[in-house]
Amino acid sequence: MSVVRVRFAPSPTGLLHVGGARTALFNYLFARACGGTYILRIEDTDKERSTEESVQDLLKSLEWLGLSWDEGPGKGGDLGPYFQTERFDLYNDHIDKLLEAGSAYPCFCTPEDLERERADALKNGQTPKYSGRCRDLSKRDIQQKIDSGITPSIRFKIPLDGEIVFEDLIHGATRFDPSLMGDFVIKRSNGYPTYNFTCVVDDALMKITHVLRGDDHLSNTPKQIILYQALGFELPLFGHLSMILGEDGSRLSKRHGATSVEEFREKGYLPAALTNFLALLGWSPPDRETSENPELLTMEELISFFSLDRVSKTSAILNREKLDWMNGVYLRALSDEEIIELVPELKRSHFFKDDADMVHRYISATRDYYHFLGDVIARIDDFSLWVINKELLTPFKTSAHILLAENFLTLTAEKDSLSTNDAGGLFKELSKRTELKGKDLYHPIRYMLSGKEEGPELIHFLTVLPLKEIRSRIQNSLEFLRES
RNA sequence: GUCCCCAUCGUCUAGGGGUUAGGACACCGCCCUUUCACGGCGGCGGCAGGGGUUCAAAUCCCCUUGGGGACGCCA
């Protein structure tokens, strides 16, 4: 019998930011952890910046992360609609109530006036806040201005006395002096209601119990609280999550590299790695006995361990190296089938076309190198691209190494393929016959086979590539070694 | 400028009066592997500063400093 209802309420003005993703994640985890309901609401009241494309991007990113919502776009729900632009009747009703009660009033100031006042105040070191010029206009004045064709905005009347105190779920007791705030606009002159107002009406009507959102909303909270009170709504609990900052400690922005979930997806990150990493930015699991890395947590584990009292108050810098490491861990843990599914290029590669099993041999030979999805395909070149590397091979133009190559060919002549065991035995036998060992044995073989100094273990090389190809490379190298 | 929030290794964090201040990533070393990667083991490294309170302060209080946020007809 849980009554917890939380929501994530993004505005569709661009791609889903990692900060937003973390807010969504924490709401999701909290809801799942206590059997509550997680709601997605689209805050599209900014007529200029909201786009349908962004809505689709947002939904796509959220789905990709695995943060499915219980109520919202595509899901429905009893307390919809879940797009603010479809809720204007609701907002207007409540604005009328405030107007009737005298808690709100029409404002005829022009944006230019307001901007100038604001700039002046800032310049003179004063607090920029609305002067209240239209607060006490008479009925006649109001009518006159309306008659003259000005469409007013509607402002909410801030009570000038008292103090607003609330208990933040994360920060504890927090207090504000309302007299420091100016009367704020709740309905624009273009008829669109504003954030602070819609947010309150929607959270109340959607019966949200816990408002978990970014720290940047902390100073909006007192305004919203007065609105709740003026509207006669019951207050939800508020919890303000700290911000995510860029590497230099400033607000995360484009110049810090990828900041949107979509960008991370494109760069080859896995959703499970990203959610695990983001969960650790501002939250930590309780201490417990594990032989595993205590920070590697599946979504199920995150849900079972999650609680608000383990959310920290400090802002966090996104540590990309740790994310990269974590992504590698998740990627390497995938099955061959999952990897093949995620990397369609594997199926398309002509390298594997004659040998269906080779893709599996390839993956097991290379998986230790994977950090990003792109790394899976990148290793193919290590095997498929081959030219004689004369520079590497020249020092091995010795009778012993010619003997080595010759014996390699004779010892493999009767075989169709090599197992790991075969390869091990082969090296032993070659060592015996040539009296070469260590560096002198392994390096020349590597150079002959791959033409490179680095690469997967030699044994893998021998098992991944068709033996025919291997023999051909050795044969070609042998001819080079014999040239004087 | 005013108001609000925050302050433990380089980074993410645990710890909330008595701890050798714990873990993760990164870094360094060793091992595994004759490469690289993966993995294992070990190491380096921190309570922003100053005042209180207390037998005892990373922990509680105040100030300073630093960082962030808000002050919009953006959300």
Side-chain angles (χ1 to χ4, degrees), chain A residues 9-13 20 43-50 84 107 109-111 114-115 118 121-130 151-155 168 170-171 174-177 180-182 184-196 198-199 213-223 240 242-243 245 247 249-251 277 280-287 293-296 310 312-326 328-329 332 366-371 375 379 382 437-443 446-447 450 452-459:
Chain A
S11 60
T13 54
E43 308 217 325
D44 51 355
T45 58
D46 185 341
K47 206 164 141 188
E48 270 70 49
R49 297 197 300 148
S50 298
Q84 292 191 323
C107 170
C109 300
T110 66
L114 297 168
E115 182 46 43
R118 220 181 83 86
L122 240 19
K123 204 171 67 194
N124 299 328
Q126 289 166 330
T127 304
K129 85 172 199 187
Y130 176 61
T151 317
S153 61
I154 306 295
R155 284 184 187 270
D168 190 275
I170 290 155
H171 294 278
T174 310
R175 52 192 66 228
F176 290 88
D177 178 356
L180 265 16
M181 301 182 270
F184 56 93
V185 172
I186 56 178
K187 183 179 180 177
R188 302 176 175 93
S189 52
N190 70 6
Y192 277 54
T194 61
Y195 166 74
N196 278 124
T198 57
C199 178
R213 70 217 319 187
D215 239 352
D216 47 343
H217 289 294
L218 198 50
S219 40
N220 284 322
T221 307
K223 292 178 185 168
H240 289 93
S242 61
M243 310 259 77
L245 310 175
E247 320 258 348
S250 71
R251 197 178 189 153
F277 176 77
L280 262 15
L281 241 40
W283 172 82
S284 58
D287 284 339
N293 184 311
E295 297 196 333
L296 259 12
R310 297 196 64 82
S312 87
K313 303 184 220 186
T314 53
S315 51
I317 290 174
L318 194 148
N319 181 188
R320 205 167 301 263
E321 279 164 340
K322 184 163 179 175
L323 206 211
D324 292 353
W325 160 79
M326 195 171 271
V329 172
R332 280 176 243 120
T366 56
R367 65 188 313 140
D368 283 349
Y369 293 87
Y370 303 163
H371 282 87
D375 295 338
R379 287 280 158 177
D382 287 354
K437 57 186 180 185
K439 223 184 235 183
D440 282 340
L441 173 67
Y442 291 94
H443 283 187
R446 172 179 294 284
Y447 300 162
S450 75
K452 298 184 188 76
E453 284 182 289
E454 295 175 5
E457 275 187 51
L458 220 30
I459 284 185

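The shown structure was predicted, so the numbers you read here are calculated from the model rather than taken from an experiment. Labels below follow one simple rule: chain letters A, B, ... track the order of the sequence lines, proteins then strands, and each chain is numbered from 1.
The distance from the CG atom of A/D375 to the CG atom of A/D368 is 12.0 Å, given to the nearest 0.5 Å.
Side chain of A/T198 to main chain of A/Y195: a donor-acceptor pair is present (N/O by atom type, distance under 3.5 Å, no hydrogens or angles).
Nucleotides B/rG66 and B/rC73 have their P atoms positioned 31 Å apart, rounded to a whole Å. Distance noted for atom C1' between B/rG16 and B/rA58: 9 Å (whole Å). Separating the P atom of B/rU59 from that of B/rC71 is a span of 34 Å, rounded to the nearest Å. Nucleotides B/rG17 and B/rC27 place their C1' atoms 35 Å apart, quoted to the nearest Å. When the P atom is used for both B/rC60 and B/rG23, the distance is 23 Å, rounded to whole Å. Rounded to whole Å, the separation between the P atoms of B/rC41 and B/rC32 comes to 15 Å. Annotation: B/rC4 and B/rC25 have their C1' atoms spaced 32 Å apart (nearest Å). Taking atom C1' on both B/rA26 and B/rG46, the two are 15 Å apart, rounded to the nearest angstrom.
Remark: B/rA70 base-pairs with B/rU2; criterion is Watson-Crick or G-U wobble with both hydrogen-bond distances under 3.5 Å.
Across all strands, A/K437 comes closer than 4.0 Å to base atoms (heavy-atom distances). Residue-level contact check: A/E321 touches the backbone only, with heavy atoms under 4.0 Å from sugar-phosphate atoms and none from bases.
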Would you mind building the protein contact string for nucleotides 60-75 of chain B? One character per nucleotide, 5' to 3', B for base within reach (heavy atoms under 4.0 Å), S for sugar-phosphate only, - for untouched. --------SSSBSBBB
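We find that CG of A/D368 is positioned 12 Å from P of B/rG40, with the value rounded to whole Å. Atom pair A/H371:NE2 and B/rC36:C1' shows a separation of 12 Å (rounding to whole Å applied). Atom pair A/F176:CZ and B/rC4:C1' shows a separation of 5 Å (rounding to whole Å applied). If you measure from atom CG of A/D287 to atom C1' of B/rA14, you get 6 Å, rounded to the nearest angstrom. The CG-P distance, from A/L458 to B/rC38, rounds to 20 Å in whole Å.
Every residue meeting the salt bridge (charged side-chain N to carboxylate O under 4.0 Å, His left out) condition with A/E247, not counting sequence neighbours, appears here in chain and number order: A/R320.
In terms of position along RNA chain B, the nucleotide closest to A/L281 lies nearer the 5' end than the nucleotide closest to the other residue of the pair A/Y370 and A/L281.
Checking the phosphate oxygens (OP1, OP2) of B/rC6, a side-chain nitrogen or oxygen of A/K313 falls inside 4.0 Å.
A donor-acceptor contact under 3.5 angstrom links the side chains of A/T221 and A/H240, judged on distance only.
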